[in-house]
Amino acid sequence: MSNQIPVVVAGGGITGLSAALHLAEMGAPEILVVSGSTTPSSATAPGMISGGQRDNFTRVAAAHQTDFARVLWQFGDQAFDLTRSWAAHHGVPFATGRRLRLIAAPEELQEATIAVAAMNGVGIPAKLMSGLELTSSPWGASLGARILAVQDDGERGGWIDAQAFHRRLLEAVQAHSAITLLEGTVESISGYTASNLTVKIRAKTSPGKHSSGARSVRDVKLQTTKSAAVIAACHLAIGDLIPALKPALVSSADQWLTTRGPLDPRHSDCRWNTPGVAWSAFHNHEWGATQPGGKLLLGGGRILRKWAGFEATEAKVEPKISQYITAQAQKLFSQWQGGPGNHAPISEDAGLDCHPCDELPIVGPMFGEGRILVATGFMGQGLTLGFYSGHCLAKLLMTGRCDELPRRLWPERLRSLPDQE
Ligand SMILES: Cc1cc2nc3c(=O)[nH]c(=O)nc-3n(C[C@H](O)[C@H](O)[C@H](O)COP(=O)(O)OP(=O)(O)OC[C@H]3O[C@@H](n4cnc5c(N)ncnc54)[C@H](O)[C@@H]3O)c2cc1C
């Protein structure tokens, strides 16, 4: 490393790597990425991607007003577009097609009707199909009787190979001469009144190429680095580094599996059989995406966990949830012959995600210390929102402004939360 005062990035998931790469591409002379001591959730995420927001527009508008819901929707769309474009240019396997909400209950239909009207009212294309219009659409013929209607949010839905995405991003970071990658953790940030921040890092002794090899206690040492700014992109663990954020974040456990299609073997050209269709059903408690090679991603079933998975400290694959996910998918797609002994899971996994208490991602400079920037709380959309947030924070740091990043996402809104320390 040169004698420049580096920008330190804490976290080697999609968000941190994106921030580092965008900083370097925008001309930051020295960036030190401290990648963390656990596998990033980005590298094991199932890979459903979508624009807009995971929740329906009505939920966001009810909590944050329609005008801001529109802004947030655009933020999600821009995140989707940037991710798709980066993936296309860097050989990351992905497929994009459609984002659909499958409506299974009368009250959900009522909500979707209001959502689509509100979306159209602020210029967001969305469409609700039911009855004859649905059955004669490319989607309707394959759906089970459980589905009353389909909300079509347009062409911002899909699937990305999350592992390859993370790997390609890591390779791009490793190849950049302005970036040094260090395995370890940022232990503390201090020096708020000084001209540079002081960052304590517990790291492996030899900085350089990232490896996933096991480490021993003897491998690590504590080092102190002066830093011009810190970007904290450490997902749920961000509260350990920045205690003011701890009360704002809630964990949630969810699980998914991959299995085989096609969803409708009667028609080889059925839209459900093409890769890149992302859907959710039953208020997002069930979700999935069609993948290349005829594979299917199916997820959800959080409601079968204690407290619907909220405040979980670990996430394990539960066989009863895998069975539930498969059974629910059979009810969504009447022609799909999935189920135990037929389409058994090819792979299954579970993970902990990060929900801010007001259900808005937390992205921007910390109140009281603008040289610490944070990005977390993406609620199931971190592959796109994390990647885009990395870009936004880099731009904010390098140019002093980022109009694409809504100010309402800044952590300043959490000022009044009680401090846990
Ligand atoms: C069940 C489940 C399904 C999901 N499905 C999807 C999906 O289909 N699509 C989607 O877009 N998103 C999905 N997500 C969300 C997505 O996985 C995350 O939002 C995203 O990966 C977060 O990326 P990140 O870079 O912010 O954090 P991570 O990828 O978790 O990276 C954070 C890194 O920070 C490191 N770290 C922690 N503390 C420190 C420290 N003090 N110093 C330095 N480093 C530190 C950690 O070791 C870790 O490596 C899902 C999440 C779950 C749980």
Side-chain angles (χ1 to χ4, degrees), residues 8-20 32-51 54 76 79-80 83 94 157-163 165-166 169-170 181-189 199-203 210 212 230-242 249 251-258 278 280 284 287-289 291 297-302 305 309 312 314-317 321 325 348-356 361-363 374-390 393:
V8 172
V9 176
I14 289 293
T15 311
L17 295 179
S18 165
L32 176 62
V33 179
V34 185
S35 65
S37 57
T38 55
T39 306
S41 40
S42 314
T44 56
M48 172 182 166
I49 50 170
S50 58
R54 193 112 177 195
F80 179 84
T83 306
F94 76 102
W159 169 85
I160 191 167
D161 182 334
Q163 214 174 352
F165 183 26
H166 182 260
L169 200 48
L170 188 59
L181 198 60
L182 205 58
E183 272 191 76
T185 51
V186 172
E187 299 279 292
S188 67
I189 311 163
V199 182
K200 274 200 180 135
I201 298 166
R202 189 170 291 277
H210 186 278
S212 55
V230 175
I231 292 185
C234 26
H235 201 231
L236 268 172
I238 205 166
D240 298 331
L241 196 56
I242 303 170
L249 298 173
S251 63
S252 77
D254 211 356
Q255 131 176 15
W256 68 92
L257 57 88
T258 55
S280 59
N284 282 318
W287 44 270
Q291 298 177 315
L297 163 66
L298 301 175
R302 239 177 355 98
R305 293 179 184 271
E314 58 175 354
K316 283 192 187 149
V317 170
I321 295 184
I325 290 172
E348 47 190 343
D349 208 347
L352 282 184
D353 207 11
C354 185
H355 285 245
I362 305 173
V363 187
V374 301
T376 189
F378 301 118
M379 298 170 293
Q381 281 182 283
L383 296 176
T384 50
L385 294 182
F387 185 72
Y388 192 49
S389 296
L393 291 188

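We count ligands from 1, going down the list as the structure has it; atoms in each ligand are counted the same way. Hydrogens, waters and symmetry mates are skipped; everything else that's a heavy atom, side chains included, is used.
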### Message
Out of all atoms in ligand 1, which are within 4.0 Å of some heavy atom of V34? Include the element for each.
### Response
43 (C), 44 (N)
### Query
Does the side chain of L32 reach to within under 4.5 Å of the side chain of V199, using non-hydrogen atoms?
no
### Query
Do any nitrogen or oxygen atoms of I49 come within less than 3.5 Å of a nitrogen or oxygen of ligand 1?
no
### Task
Look at atom 34 (O) of ligand 1 and find which of G239, G11, G16 reaches it with the closest heavy atom.
G11
### Query
Stepwise, does the side chain to side chain contact (heavy atoms under 4.5 Å, CB included) test hold for M48 with W256?
CA-CA 11 Å; M48 172 182 166; W256 68 92; over 6 Å; no
### Within-cut-off N or O pair, R54 and ligand 1, under 3.5 Å
no
### Query
Within a strict 4.5 Å, meaning less than it, do heavy atoms of the T185 and L241 side chains meet?
no
### Beyond-backbone contact of V186 with V230, side-chain heavy atoms, under 4.5 angstrom
no
### Summary
Heavy atoms of L383 and G47 approach each other most closely as CD1-CA, 3.7 Å
### Query
Can you list the atoms of ligand 1 that are under 4.0 Å from a heavy atom of G13?
25 (O), 29 (O), 31 (O)
### Query
Is it the side chain (CB and beyond), the backbone, both or neither of T44 that lies under 4.0 Å from ligand 1, heavy atoms counted?
neither
#### Entry: Note, E183 side chain near S37 side chain (heavy atom, < 4.5 Å)
no
### Query
Between S42 and ligand 1, is there a nitrogen or oxygen pair with a distance under 3.5 Å?
yes
#### Entry: Any N/O pair G380/ligand 1 closer than 3.5 Å
yes
### H235 side chain near D353 side chain, heavy-atom distance below 4.5 Å
yes
### Summary
So OG1 of T376 and NE2 of H355: to nearest 0.5 Å the spacing works out to 11.0 Å
### Query
N/O of A237 under 3.5 Å from N/O of ligand 1, yes or no?
no
### Message
I'd like the name of whichever of L17, T15, I238, D353 reaches closest to atom 50 (C) of ligand 1 through any heavy atom.
### Response
D353
### Query
For atom 22 (C) of ligand 1, what's the nearest protein heavy atom and its distance?
H235 CD2, 3.7 Å
### Top protein contact for atom 49 (O) of ligand 1, by heavy-atom distance
T38 O, 3.0 Å
#### Entry: Per-atom contacts, ligand 1 versus S37 - under 4.0 Å to a heavy atom
47 (O)
### Query
Mind checking whether F378 has an N or O less than 3.5 Å away from an N or O of ligand 1?
no
#### Entry: 4.5 Å side-chain heavy-atom contact, L169 and F387
yes
### Task
Walk me through it: do T83 and Y388 pass the test side chain to side chain contact (heavy atoms under 4.5 Å, CB included)?
CA-CA 7 Å; T83 306; Y388 192 49; 5.6 Å; no
## Note on the structure
Taking only non-hydrogen atoms of G382 and a 4.0 Å limit, the atoms of ligand 1 in range are 10 (C), 11 (O), 12 (N), 15 (C), 18 (C), 19 (O), 20 (C)
### Query
Is the closest side-chain heavy-atom distance between F378 and T384 below 4.5 Å?
no
### Q381 and ligand 1 - part of the residue with a heavy-atom distance under 4.0 Å
backbone
### Query
Hey, is C354 touching ligand 1 through its side chain, its backbone, both or neither, going by heavy atoms under 4.0 Å?
neither
#### Entry: Non-hydrogen atoms of A375 and T15 that approach each other most closely
CB-CG2, 3.6 Å
#### Entry: Contacts of D161 that satisfy side chain to side chain contact (heavy atoms under 4.5 Å, CB included) - sequence neighbours left out
P93, W159, Q163, A164
### Query
What atoms of ligand 1 come within less than 4.0 Å of a heavy atom belonging to D254?
1 (C)
### Query
Is any side-chain heavy atom of V8 closer than 4.5 Å to a side-chain heavy atom of V34?
yes
#### Entry: For atom 4 (C) of ligand 1, the protein heavy atom that lies nearest, with its residue and separation
P46 CD, 3.6 Å
### Message
Suppose we measure from atom 9 (N) of ligand 1 to each protein heavy atom; which comes out shortest, and what is that distance?
### Response
M48 O, 2.7 Å
### Message
Would A233 count as a contact residue for ligand 1, given that I'm defining contact as a non-hydrogen atom of the residue lying under 4.0 Å from a ligand atom?
### Response
yes
### Query
Which residue and non-hydrogen atom of the protein lie closest to atom 40 (C) of ligand 1, and at what distance in Å?
V186 N, 3.7 Å
### Query
Atoms of ligand 1 less than 4.0 Å from L352 heavy atoms?
53 (C)
## Note on the structure
A student comparing G299, G184, P40, G351 should find that the heavy atom closest to atom 48 (C) of ligand 1 comes from P40
### Query
Between S41 and ligand 1, does any nitrogen or oxygen pair lie at a separation below 3.5 Å?
yes
#### Entry: Considering all heavy atoms, the nearest D254-G301 contact
OD1-N, 4.3 Å
### Task
Look at atom 11 (O) of ligand 1 and say which protein heavy atom is nearest, naming residue and atom and giving the distance to 0.1 Å.
L383 N, 2.9 Å
### Task
Report yes or no: does a heavy atom of I14 sit under 4.0 Å from some atom of ligand 1?
yes
### Query
Looking only at heavy atoms, is any part of S35 under 4.0 Å from ligand 1, and if so is it the side chain, the backbone, or both, or is it neither?
backbone
### Message
Could you work out, with side chain to side chain donor-acceptor pair (under 3.5 Å) as the rule, every residue matching Q255, not counting sequence neighbours?
### Response
R305, S322
### Query
So is S18 in contact with ligand 1, going by heavy-atom distances below 4.0 Å?
no
#### Entry: Nearest heavy-atom neighbours spanning A45 and A162
O-CB, 3.2 Å
#### Entry: Contacting atoms of ligand 1, where contact means under 4.0 angstrom from a heavy atom of A45
17 (O)
### Task
Give a yes or no on whether the backbone of T44 and the side-chain of H166 come within a donor-acceptor separation of less than 3.5 Å.
no
#### Entry: Which residue and heavy atom of the protein sit nearest atom 2 (C) of ligand 1, plus the separation
W256 CZ3, 3.7 Å
### Query
Do any nitrogen or oxygen atoms of C234 come within less than 3.5 Å of a nitrogen or oxygen of ligand 1?
no
